[in-house]
Student: 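Below you'll find the structure I mean.
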Amino acid sequence: MLSDSQFGYRPHRSTELASTLFLDNIRKNMDKGQLTGAIFIDLRKAFDTISHSLIVSKLPNYGISGIEKEWFTNYLFAREQCVSVNGEQSSFKPVKCGVPQGSILGPLLFIIHFNGIVASLNNCKILMYADDTVIYYSHKDIEVIEKKLQDDLASITSWLQQNQLIINMKKGKTESMLFGTGKRLSTLNGRQMNLECNASKVNFTSHYKYLGVHLKSSLNMNDHVNKAFKKASGYLKLLAKTRSFLSTKASLEIYRAMVIPVLTYCSLVWTCSTTTQKKRLESFEKRAARIIFGTSEEQASNRMPSRAIERIDDRQIQNDLGILVSELQSLCNSYDAFWIRNENLANPLSFTCPFRRNCSKRKKTIQSAAECFDQLTWDTPQLMVSSCCGNWSELPNYVYITTTPRVPLTSQQHKWATKHVY
């Protein structure tokens, strides 16, 4: 019932999945020599402005009627609020719009209300994380891209007005962007997309922060990596200033909770592979070891029964595998850009992960996770369950991933697949 394009507040989905899918689709079209135009749409106070009446009217489309519908009606309408300033309190007034913030049902009601936006599109693809929305279209001709985006933007604008949602047209919020290889973009001689929304020009940019990932037109991720290191270094400096007041255990927990996630977020789209980046990571880890243990990482590891400082590379691989599992668990149509089903193989759920030539010129997007999975599937299946990723145990045993075209399964593999499938 809910669109496959919605990644917010749903099991096995995340901002990382949405970002990875979006970028891999762009890279796939780069391989074809195409440009991809995108409009990033930001809504103004989306959760606070939607009408209660509109939400309730859409519930029967999702099988909610009768007593259940009445329950939701009372849940939304029977609410009041007041304002208190300096000890003075206003009278209570009914809340006529918006979903309850901080509740479990609030986000679910919002994505039910927002789900209909997909039907307003005629040409473009769409990805959503709650109200963070991007529509995009790929073609070799920039004028075709511009027209398709403008037509769908007009349709989306009309749908939003009917559903009492407002587009935020401020700079840095709703903006357009054109993606392509550096060589392909250079042939445009600085040509920009001219798009309008509600008689206002949509700002055209060459860089945008989408779901925490800093994007550039050529998908060069150096800017994102530099910002991630800068932010992580800031947290590490703060840890160094407070280290004397903390125990070693507390310092290590803060490092794992506050610093490592900054460098591993959306690692699939920028996994460090160059020698310079690897040396930068190693230097960062040694600096962290000196701050936490007062010595080098090697000395700390020798004193501890296990590795003192968790390798960021290892965490990145773990995250990549976790994302791969989440994708396979959802098995939604959106992932057709990632996987090719191998119908001719004995395994009914066998996939090929296509190689993307424009993955920063290296096999370092979803391929890295698929390669790790490929090594685990037949040789050491128990590692899937014992992995740090708890989701492994929920993955069907008969799913088989390969990053390159494979010959038919061996008799042993065929026997194993048949046993687990049938």
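In this text the structure is predicted, and so the values were computed from the model without any measurement.
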Student: As an exercise, state the distance from NZ of Lys231 to CE of Met258, rounded to the nearest 0.5 Å.
Tutor: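 Going from the NZ atom of Lys231 to the CE atom of Met258 covers 8.5 Å.
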Student: Please find the pair of heavy atoms, one from Leu185 and one from Ser218, that lie closest to each other, and give the distance.
Tutor: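 Distance-wise, the nearest heavy atoms are CD1-N, 4.2 Å.
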Student: How long is the straight-line distance from CD1 of Ile39 back to CE of Met177, given to the nearest 0.5 Å?
Tutor: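 Atom-to-atom, Met177:CE and Ile39:CD1 are 13.5 Å apart.
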Student: Measuring from Ser155:OG to Leu160:CG, what's the distance to the nearest 0.5 Å?
Tutor: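 Spacing of OG (Ser155) from CG (Leu160) equals 11.0 Å.
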Student: With heavy-atom distances below 4.5 Å as the criterion, would you say the side chains of Trp71 and Ile64 are in contact?
Tutor: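 Not in contact.
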Student: With heavy-atom distances below 4.5 Å as the criterion, would you say the side chains of Leu59 and Leu109 are in contact?
Tutor: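 A side-chain contact under 4.5 Å exists here.
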Student: Is the closest side-chain donor-acceptor distance between Gln150 and Asn194 under 3.5 Å?
Tutor: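 Short answer, no.
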Student: Taking atom CG of Leu263 and atom CG of Leu236, what is their separation to the nearest 0.5 Å?
Tutor: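 Here the rounded value is 9.5 Å.
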Student: For Tyr136 versus Leu149, what's the shortest heavy-atom pair and its separation?
Tutor: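 Shortest heavy-atom separation between Tyr136 and Leu149 comes out as CA-CD2, 4.2 Å.
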Student: Please check: side-chain N/O of Tyr208 versus main-chain N/O of Lys173, any donor-acceptor pairing under 3.5 Å?
Tutor: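 Checked: pair present.
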Student: Examine distances only and state if a side-chain atom of Gln164 and a backbone atom of Ile50 form a donor-acceptor pair shorter than 3.5 Å.
Tutor: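 Between the backbone of Ile50 and the side chain of Gln164 there is no qualifying donor-acceptor contact (under 3.5 Å).
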Student: Centre of Tyr9's six-membered ring, under 6.0 Å away, within 45 degrees of the axis: is that where NZ or CZ of Arg13 sits?
Tutor: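 So Arg13 doesn't make the cation-pi contact.
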Student: Can any side-chain N or O of Gln6 pair as donor or acceptor with the backbone N or O of Ala130 at less than 3.5 Å?
Tutor: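 Checking the backbone N and O of Ala130 against the side chain of Gln6, a donor-acceptor pair under 3.5 Å is found.
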Student: Start with the C-alpha distance between Lys28 and Asn25, add both sets of side-chain angles, then the distance that settles side chain to side chain contact (heavy atoms under 4.5 Å, CB included), and finish with yes or no.
Tutor: CA-CA 5 Å; Lys28 180 181 67 173; Asn25 276 328; 4.0 Å; yes
Student: Would you compute the distance between atom CG of Leu2 and atom CZ of Phe7 and round it to the nearest 0.5 angstrom?
Tutor: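 Answer rounded to 0.5 Å: 12.5 Å.
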Student: So which heavy atom on Ser176 is nearest to which on Met193, and how close?
Tutor: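 Reported closest heavy-atom pair: CB-CE, 3.9 Å.
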Student: Look at atom CD of Glu80 and say whether more than 12 heavy atoms of other residues, nucleotides or ligands are closer to it than 6.0 Å.
Tutor: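 Yes.
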Student: How close do Thr157 and Leu153 get, heavy atom to heavy atom, and via which atoms?
Tutor: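 Thr157 and Leu153 have their closest heavy atoms at OG1-O, 2.7 Å.
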Student: Would you mind listing every salt bridge (charged side-chain N to carboxylate O under 4.0 Å, His left out) that reaches into residues 138-157, with sequence neighbours excluded?
Tutor: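 Salt bridge (charged side-chain N to carboxylate O under 4.0 Å, His left out) check on residues 138-157 returns Glu146-Arg191, Lys147-Asp151.
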Student: Okay, side chain of Glu175, backbone of Gly172: is any donor-acceptor separation there less than 3.5 Å?
Tutor: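 Yes, because the side chain of Glu175 sits within donor-acceptor range (under 3.5 Å) of the backbone of Gly172.
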Student: Whether the side chain of Thr15 engages the backbone of Leu211 through a donor-acceptor N/O pair (distance < 3.5 Å, no angle test) should be reported.
Tutor: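 Flag not set: sc Thr15 to bb Leu211 has no pair under 3.5 Å.
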Student: Got a donor-acceptor contact below 3.5 angstrom from the Thr174 side chain to the Asn168 backbone?
Tutor: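 It does hold such a pair.
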Student: Taking C-beta and beyond as the side chain, do Leu239 and Leu246 meet within less than 4.5 Å on heavy atoms?
Tutor: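 Yes, their side chains come closer than 4.5 Å.
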Student: Can you tell me if OH on Tyr235 sees more than 12 non-hydrogen neighbours from other groups inside 6.0 Å?
Tutor: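 For Tyr235, atom OH is not crowded (no more than 12 foreign heavy atoms under 6.0 Å).
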Student: For Leu105 and Phe72, run side chain to side chain contact (heavy atoms under 4.5 Å, CB included): C-alpha distance rounded to whole Å, both residues' side-chain angles, the deciding distance at 0.1 Å, then the answer.
Tutor: CA-CA 10 Å; Leu105 287 176; Phe72 275 101; 4.0 Å; yes
Student: Under the side chain to side chain contact (heavy atoms under 4.5 Å, CB included) criterion, do Arg243 and Thr248 qualify, and how do the steps go?
Tutor: CA-CA 8 Å; Arg243 176 64 183 88; Thr248 300; 3.0 Å; yes
Student: Does the side chain of Pro100 come within less than 4.5 Å of Leu76's, by heavy atoms?
Tutor: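 Answer yes - side chains close enough.
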Student: Please tell me if the side chains of Asp31 and Arg27 come closer than 4.5 Å, counting only heavy atoms from C-beta onward.
Tutor: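 Heavy-atom side-chain distance check fails, nothing below 4.5 Å.
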Student: Side chains of Thr133 and Leu43, heavy atoms from C-beta outward: is any pair under 4.5 Å?
Tutor: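 No, side chains not in contact.
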Student: Go through the structure and list residues passing salt bridge (charged side-chain N to carboxylate O under 4.0 Å, His left out) with Glu196, not counting sequence neighbours.
Tutor: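 For Glu196, no residue satisfies salt bridge (charged side-chain N to carboxylate O under 4.0 Å, His left out) once neighbours in sequence are set aside.
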Student: Any side-chain heavy atom of Pro94 within less than 4.5 Å of one from Phe77?
Tutor: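 No, side chains not in contact.
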Student: Quick one: does any side-chain atom of His224 pair with a main-chain N or O of His214 as donor and acceptor, under 3.5 Å?
Tutor: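 Here the side-chain-to-backbone pair exists.
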Student: Would you say the side-chain atoms of Ser158 pair up with the backbone N or O of Ala154, donor to acceptor, closer than 3.5 Å?
Tutor: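 Judged by distance alone, no pair lies under 3.5 Å.
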Student: Minimum heavy-atom separation for Cys97 and His52, please, with both atom names.
Tutor: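 Between these two residues, the closest heavy atoms are C-NE2, 3.4 Å.
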Student: Anything under 3.5 Å between a donor and an acceptor, one on a side chain of residues 113-129, the other on a protein residue two or more places apart or in another chain? List them.
Tutor:
| unit_1 | atom_1 | unit_2 | atom_2 | d |
| --- | --- | --- | --- | --- |
| His113 | ND1 | Lys58 | NZ | 3.3 |
| His113 | NE2 | Asn163 | O | 3.4 |
| Asn115 | OD1 | Ser3 | N | 2.9 |
| Asn115 | ND2 | Met1 | O | 3.1 |
| Asn115 | ND2 | Tyr62 | OH | 3.1 |
| Ser120 | OG | Ile117 | O | 2.5 |

Student: For the CD1 atom of Ile291 and the OG1 atom of Thr242, what is their distance to the nearest 0.5 Å?
Tutor: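 One finds 9.5 Å between CD1 of Ile291 and OG1 of Thr242.
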Student: Report yes if some heavy atom in the side chain of Arg184 is under 4.5 Å from a heavy atom in the side chain of Leu35; otherwise report no.
Tutor: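 In contact.
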Student: I'd like to know if the side chain of Ser65 and the backbone of Pro60 have a donor-acceptor N/O pair within less than 3.5 Å.
Tutor: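 Not a single qualifying donor-acceptor pair exists.
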Student: Return the orientation label for the Phe40 and Tyr210 ring planes: parallel under 30°, perpendicular over 60°, tilted otherwise.
Tutor: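 Phe40 and Tyr210: tilted rings.
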Student: Evaluate the criterion side chain to side chain contact (heavy atoms under 4.5 Å, CB included) for residue pair Met169 and Asn198; output intermediate values, then yes/no.
Tutor: CA-CA 9 Å; Met169 293 300 296; Asn198 293 330; 5.7 Å; no
Student: Measure across Thr36 and Ser138 and return the closest heavy-atom pair with its distance rounded to 0.1 Å.
Tutor: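 Nearest pair, atom of Thr36 first, then Ser138: OG1-OG, 2.7 Å.
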